[in-house]
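Report on the structure given below.
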Amino acid sequence: MTEIAALGSEALALQADLAVEEEARGLGRRVLDAWGAPDILVNNAGIARDRSLIMMTTEEWRSVQACDLDGCSS
C-alpha cells in the first residue's frame, strides 16, 4: 500500500471469509465508510480444489460454492 500512496492514491487492505455472509457484507460496509459508493467493482475472489468435480468431497464442493457463488451475492 506504500507504493499506492506514493502514487497519490489510497488503498484499503481487507480480509474476510466470503463464505460467511456477515463477513462479506462487512467488506461492503468498510468500503462505503471509507469512500462511499464505488464506481467500479471487480470481484476476483474464488477458490479451487486440486481435483476434478467428481473426485471432490461434498464438503470441498460446498466450500467452493460458498466462496465463488454465495460470496458474490452478499
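- The hydrophobic cluster around Leu32 extends to none of the other residues, as no ILVMFWY side-chain heavy atom falls under 4.5 Å of it.
- In this structure, CD on Glu22 lies 12.5 Å from CG on Asp17, to the nearest 0.5 angstrom.
- The structure places CG of Leu27 at 8.5 Å from CZ of Arg30, a figure rounded to the nearest 0.5 Å.
- Heavy atoms of other residues, nucleotides or ligands lying less than 6.0 angstrom from CG of Asp33 number more than 12.
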What side-chain donor-acceptor pairs closer than 3.5 Å can you find for residues 2-15, not counting sequence neighbours?
residue, atom, partner, partner atom, Å
Glu10, OE1, Trp35, NE1, 3.4

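- When the side-chain hydrogen bond (donor to acceptor under 3.5 Å, both in side chains) test is applied to Arg62, no partner is found at least two apart in sequence or on another chain.
- Legend: residues meeting salt bridge (Lys or Arg N to Asp or Glu O under 4.0 Å) with Glu59, ordered by chain and number and at least two apart, are absent.
- At least one donor-acceptor pair under 3.5 Å links the side chain of Glu60 to the backbone N or O of Thr57.
- Shown here are the side-chain hydrogen bond (donor to acceptor under 3.5 Å, both in side chains) partners of Gln65, two or more places apart in sequence or in another chain: Trp61.
- By the 4.5 Å side-chain criterion applied to Ile, Leu, Val, Met, Phe, Trp and Tyr, Met55 is assigned to a cluster that also includes Ile54.
- In this structure, Ser63 and Arg49 approach most closely via the heavy-atom pair OG-NH2, 2.5 Å.
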